[in-house]
Amino acid sequence: MKEIIAATRDLTKIYGSTEALVHMNLNVKRGQILGLIGDNGAGKTTLLKMLAGQIYPTRGEITLFGAHGEKELEKQRKRIGTMIESPGFYPQMSVEGNLEYYRIQKGIPGKEKVAEILKATGLHEKRRVPARKLSFGMKQRLGLGIALMGEPELLLLDEPINGLDPSGIMEIREMLQRLSGEKNIAVILSSHILTELEQLADKYCFLYKGKVLKQISAEDLEDECSSYIEIQVSDPGLFTVRMEKRYPEQKYQVLPDRRIRILGEEIEPERFSSLAAENGIQVSSLAVKSITLEEYYMDLKRGGGQS
Amino acid sequence: MMNYMRSEWYRITHTKDIYVFTGIMAAGVLLLNVGQYVCSAVIPDFRYSSVKFALSFLTGGMGALFLTGMILAMVLFSADQKNGIAKNAVAYGISREKLFIGKCIVSFAAALISMMILLVLYIGTAVLLLEGPAQPYVGLLLEGVLCNLPAAAAFMILAVALGQFFEKDSVAIVLWVAVYYFIPVATFMLGLEIPALEKVAKWMPCYYLNFEVVAGMSGYDCLWSEPAGAARCIIAGVIGIIVFLTAGILMNRRKEL
């Protein structure tokens, strides 16, 4: 069983009358990549900032590497790498200078570490360029480089692939997968690019307006998203009653426009078209589909629970 | 904290800010002394081309030390919040208190080096180019700088504290001016009615530097010439360091970034 390196219990942050994050319970294990999914204002950045100690929780507790309490957390944060909101660097300093600044700050011996990071982030050719002159994507790379300085055991990344070109996205994805796989680094990252998260994360946390909608492992999500039948019928109420009677274990969701999503593995469309015909229910359409991460999130947002 | 201070020192010495600041100040100092020298060469009977007059600017205006200290602190650290540097430092396990104290130490060290260069230039060009005896004016100036150094450090700490707490530099500067100038003036005014406040005002640098120091062509009368006056400057400075350091720690310890 892998060690839990970051955990929150009942973590809550309230600004005035606004609940930025409420009752967040979370466990992140070593080597795990947790994807935070949510709209703007869902609480993703608030969570990352609390974990990084940049803001204080209104209630609840944070545990990092088994330690909690402000002073202990401060010590443990030396084992963390972050890029939250925007990459933090001195614009007038060169790329190399910024990395050297953080190398000294983190107490990492050996200047060769800077060269390693420059190579890993693809910034070697830009090492003498002032950070302010970098493109947006290059600045993101520098931010990631700073986060990676000192071989962190936990990475907190807020929209790390924002502004990167396709090859940059691929490189960062491969780098994070390598860090997680080979070096057992845990990563908590948020992204609006859900297709990217889908390829990276092994656990997801769906947030909406400061509340956790669902936490699910990638395997479970795959099961839930694997495939489904979407059937449009003349009388969804009657159809679901008949379906529950004949197939009591069958999971389904009622969608707008008289559509019903029938979930589960190895489901046969014929069974449901026959069921409709037997009960005099007209079928307008029937198709086998699979749920994308975006659809899954939108369903959660709409409150589409599964029976 | 040592690593943080070392990284800041690396940053300060590898960016232009401190050099530009010192360069501009040095240009001002040179302009002052060389200007007087040139004037003495072209204007017959020019009375002001003397070491006594040249050094009276800083001896009689020690407040300049405080002001330049504040400006330097702002120059060195104003970008910290805007660029997310402070956020990163906290995320890497440096407490807000250590961040603040580290900034105070590093900025004071940078200011001290910058000041020493400027003093050498200021006194050196005055003695080399201008007329009249160097003593006791050089001695009074150096004594004044030494006696007022703790207070200058205190007001630099105040600038760092305000700069770290307020996102806008303008707010920090206005509050700094209020603490340095308006509060002593208000205390002095109220002291005209309430004697206890007058005693308090006498310990404020703005008060004693304005009312108890005279330097110019007519002569020098410096508070720090007497041991009691020198002690007052030093004690006031030490009290200032304690007060502003405590205030800075309290202000910034729960600051959200």
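Note that the structure is a prediction, hence the values are computed from the model and not measured. The analysis underlying the following values was restricted to heavy atoms, covering all of them including side chains, and did not include hydrogens, waters or symmetry mates. Below, chains carry the letters A, B, ... as their sequence lines are ordered, and counting in each starts from 1.
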Student check: side-chain heavy atoms of B/Tyr92 and A/Thr82 closer than 4.5 Å: yes
Residues, nucleotides or ligands: over 12 heavy atoms within 6.0 Å of A/Arg9 CZ: no
Contacting moiety of A/Ile84, where chain B heavy atoms sit under 4.5 Å: backbone
Atom pair CG/CD1 of A/Asn98 and B/Ile85 - distance to nearest 0.5 Å: 6.5 Å
Residues B/Lys98, A/Glu74; criterion salt bridge (charged side-chain N to carboxylate O under 4.0 Å, His left out); working and verdict: CA-CA 11 Å; B/Lys98 285 177 184 167; A/Glu74 249 168 47; 5.2 Å; no
Atom CE of B/Met1: over 12 foreign heavy atoms under 6.0 Å: yes
Side chain, backbone, both or neither of B/Ser95 within contact of chain A (heavy atoms, under 4.5 Å): both
Residue among B/His14, B/Glu8, B/Arg6 satisfying side-chain hydrogen bond (donor to acceptor under 3.5 Å, both in side chains) with A/Tyr101: B/Glu8
Neighbour count above 12 (heavy atom, 6.0 Å) for A/Lys209 NZ: no
Toward chain A, the part of B/Ala89 with a non-hydrogen atom under 4.5 Å: both
Heavy atoms from other residues, nucleotides or ligands near OH of B/Tyr10 exceed 12 (cutoff 6.0 Å): yes
Heavy atoms from other residues, nucleotides or ligands near CZ of B/Phe21 exceed 12 (cutoff 6.0 Å): yes
Reported CE-to-CG distance for the pair A/Met93 and B/Asn83, which is rounded to 0.5 angstrom: 12.0 Å
A/Lys126, NZ: over 12 other non-hydrogen atoms inside 6.0 angstrom: no
Residue A/Pro152 versus chain B: region with a heavy atom under 4.5 Å: neither
Closest-packed option against chain B by number of heavy-atom pairs under 4.5 Å, given A/Lys75, A/Glu100, A/Lys49: A/Glu100
Pairwise distance CD1(A/Ile104) to CE(B/Met2) - rounded to 0.5 angstrom: 12.0 Å
Close side-chain approach of B/Asn88 and A/Tyr102, heavy atoms under 4.5 Å: yes
NE2 (A/His124) with more than 12 external heavy atoms under 6.0 Å: no
Under 3.5 Å: donor-acceptor pair, side chain of A/Gln105, backbone of B/Ser7: no
Close contacts, residues 246-257 of chain B versus chain A, judged by heavy atoms under 4.5 Å: B/Arg253, B/Arg254, B/Lys255, B/Glu256, B/Leu257
Among A/Lys13, A/Met83, A/Gln76, residue most engaged with chain B (heavy-atom pairs, under 4.5 Å): A/Lys13
A/Glu61, CD atom: more than 12 neighbouring heavy atoms under 6.0 Å: yes
Heavy-atom pair of closest approach, residues B/Arg96 and A/Gly53: NH2-O, 2.9 Å
